[in-house]
J.: 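Please find one structure pasted underneath; my questions will follow.
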Amino acid sequence: MENEPLLNSLRALLGQDASIPALRAGLFLFGVTAAMAWSRRLPRLALLLVSAAGILGLSCWLIQISSPLGLGTDAALTRQWAQAGVNAAAEPKGPGFVRGTASENTLIGALASAGVPARLVFLVPQISALLGLVFLMFFPRTLIKDPTTAAFATCLVAGGGLWPGISPYRSFLLQPSLVVALSAAGGVALVAARQREFRRVFNRSRIGVALGLMAVAVLHRALRGGMEPSAVAVLLLACATILFTSPLRAVLRRASPSPCVARRLEAFLLLAAFGGSGLFWWDPAKTVPGFVEARDGGAALQKPLGWIAQNVPAGDVILASPAYSAHIAALAGRRVLFPPPAEGGASVSLPEPFRRARLAESILRGRPIARLAEAFSVTHLFLGPGEATPIAGTETDAADEPRLSLVLVYQDIKDFRVFRLAKK
């Protein structure tokens, strides 16, 4: 793309450590301006400024991601990216990215199967995070009828004023399918808010419901062992914040000697919420696994994988070490013989594991067994830096099976190599 150099330069600039305080200074300026607008009875301008700050702050982080987030670092996302790659490019359509296994049904894989361009599929986590922010900006309007109170609630939620240190965007990045559940929840809330009985019950019991939601969110986080809060906990806290907004404004108005003082207190609360948590302090390089790796983009690995995508038939299978299997499937769109390393006990059930292992051993010894290679459709061997080049031995199998030879068809300066299995 003609804008790629400019985009890479922007990523390099935003990836510097000095950009973080600069970003926070800019966001704080937005927050101060929004608070001033609120104190001067300009709620729409305040809402616009807070929303712009949220989109700007989130986009500055998301634009730094240049390769599929989680590929090679998160087990679940790694399998999803690998499946999406073969869904888009490999033949036949349908089976899993590991030869002979069933595919996983995921949002990313479904989009790839539907023909969505790979560049857009790779942006699904970023799009999911942005949609999460958009949801937070529109959700209060479904529950609060008064436009000024709805604007105040939106400023608190979209600005990040949920709870110190809590941000929902990590969950949306690592679990992009959550945006589907979020959309469904928003649709249900929108339909329910149109019912008069629901609004009556909602207005009478909002404080009790808010306290209950906060208790459930805290309990949910405690059960997770103090880990980063999930999207469920963040959504519960967002709902609690929305429910507390109207009673909070009523208390401030009653406690203030004049409406002007009440607006100033609300402006101060808005600024404190904006600067105290959420996007203002969010640093995905430290809190999102795989974010740093996704910044790199894997330029060295892109070259051999691009060669494979252009020169290896779509129905062929490639043998590679587990460390490269998912990348080959995701970025080159070719099935592999073995799955990537499993985490947390999750593993792929392989049919005929003994025959796979025997074929892999014969290939790495430089004498591929023709019968097994044909059975698994294995046509190429991929080796990375530090992996020894197979040297053909003189040993013969007991049955003296026909063997294939390895022909070097690709090698680059980084020592990535691709061998083709050819008949002697």
Side-chain angles (χ1 to χ4, degrees), residues 1 3-20 23 55-86 88 97 106-109 111-112 116-133 167-179 227-228 231 279 282-306 309 322-333 340-341 343-344 384 414 416:
M1 296 178 63
N3 294 328
E4 196 69 26
L6 178 61
L7 184 59
N8 290 334
S9 299
L10 182 59
R11 286 169 175 165
L13 177 64
L14 293 175
Q16 298 177 4
D17 292 338
S19 67
I20 298 179
L23 173 62
I55 294 175
L56 174 64
L58 187 58
S59 298
C60 285
W61 288 111
L62 298 182
I63 200 174
Q64 299 179 41
I65 301 175
S66 59
S67 64
L69 178 68
L71 180 60
T73 57
D74 181 87
L77 277 175
T78 295
R79 294 194 303 271
Q80 292 183 39
W81 292 125
Q83 188 62 51
V86 299
F97 70 94
T106 63
L107 174 63
I108 293 175
L111 292 174
V116 177
R119 295 183 67 89
L120 289 180
V121 174
F122 290 160
L123 292 176
V124 167
Q126 295 95 301
I127 294 173
S128 175
L130 283 173
L131 288 178
L133 175 59
S167 175
Y169 307 107
R170 176 186 186 272
S171 297
F172 287 115
L173 284 173
L174 298 180
Q175 297 175 309
S177 58
L178 284 174
V179 73
M227 298 169 54
E228 185 80 11
L279 273 175
W282 190 48
D283 188 353
K286 297 179 180 179
T287 61
V288 179
F291 184 87
V292 175
E293 290 80 359
R295 274 174 167 175
D296 176 30
L301 189 55
Q302 292 281 355
K303 294 181 179 179
L305 296 184
Y324 295 111
S325 291
H327 292 79
I328 292 173
L331 303 178
E343 296 181 9
K414 297 295 185 180
F416 285 103

J.: Let's go through Leu77 and Leu71 carefully: what are the C-alpha distance in whole Å and the side-chain angles of both, what is the deciding distance for side chain to side chain contact (heavy atoms under 4.5 Å, CB included) to 0.1 Å, and is it a yes or a no?
T.: CA-CA 6 Å; Leu77 277 175; Leu71 180 60; over 6 Å; no
J.: Between CG of Leu120 and CG of Leu111, what distance do you get to the nearest 0.5 Å?
T.: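 So the gap between those two atoms works out to 9.5 Å.
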J.: Is there side-chain contact between Val124 and Ser177, with at least one heavy-atom pair below 4.5 Å?
T.: no
J.: Distance from Gln80 atom CD to Leu107 atom CG, nearest 0.5 Å?
T.: 8.0 Å
J.: Roughly how far, to the nearest 0.5 Å, is the OG1 atom of Thr106 from the CD atom of Gln175?
T.: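 OG1 of Thr106 is found 13.0 Å from CD of Gln175.
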J.: What are the two closest non-hydrogen atoms of Gly70 and Thr78, and how far apart are they?
T.: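 Here Gly70 and Thr78 meet closest at O-OG1, 3.0 Å.
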J.: Quick one: closest heavy-atom pair of Ala300 and Lys414, and the distance?
T.: CB-CG, 4.0 Å
J.: Quick one: does Leu133's side chain get under 4.5 Å of Phe172's, heavy atoms only?
T.: no
J.: Return the minimal non-hydrogen interatomic distance between Ala84 and Val121, and the atom names on each side.
T.: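 That would be CB-CG1, 4.4 Å.
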J.: Between Pro68 and Leu331, is any pair of side-chain heavy atoms under 4.5 Å apart?
T.: yes
J.: Does Arg11 use its side chain to pair, donor to acceptor, with the backbone of Ser66 at less than 3.5 Å?
T.: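 Looks like no, no N/O pair under 3.5 Å.
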J.: According to side chain to side chain contact (heavy atoms under 4.5 Å, CB included), who are the partners of Ala294, at least two apart in sequence or on a separate chain?
T.: Ile65, Ser67, Leu69
J.: Could you go step by step and tell me if Leu301 and Tyr324 meet the side chain to side chain contact (heavy atoms under 4.5 Å, CB included) rule?
T.: CA-CA 9 Å; Leu301 189 55; Tyr324 295 111; 4.2 Å; yes
J.: Search all heavy atoms of Leu174 against all heavy atoms of Pro289 and return the closest pair with its distance.
T.: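 Here Leu174 and Pro289 meet closest at CD1-CD, 3.7 Å.
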J.: Considering all heavy atoms of both residues, which atom of Leu62 and which atom of Ala129 are nearest to each other, and what is their separation?
T.: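 Result for this residue pair: CD1-CB, 4.1 Å.
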J.: Anything under 30° is parallel, anything over 60° is perpendicular, the rest tilted; go ahead and classify Trp282 against Trp61.
T.: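 Judged by the thresholds at 30° and 60°, the geometry between Trp282 and Trp61 is perpendicular.
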J.: Without swapping roles, check the side chain of Ser128 against the backbone of Leu173 for a donor-acceptor pair under 3.5 Å.
T.: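 The answer is no, because no donor-acceptor pair under 3.5 Å joins these two groups.
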J.: Over all heavy atoms of both residues, which pair between Pro322 and Pro341 is shortest? Give the atoms and the distance, please.
T.: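 Closest heavy-atom pair between Pro322 and Pro341: O-CD, 3.3 Å.
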J.: State the CG-SG distance between Leu13 and Cys60, to the nearest 0.5 angstrom.
T.: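 Nearest 0.5 Å value for the CG-SG distance: 9.5 Å.
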J.: How many angstroms lie between CD1 in Ile63 and CG in Leu14, if you round to the nearest 0.5 Å?
T.: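 Those atoms lie 6.5 Å apart.
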J.: At what distance, to the nearest 0.5 angstrom, does CD of Gln16 lie from CD of Gln64?
T.: 10.0 Å
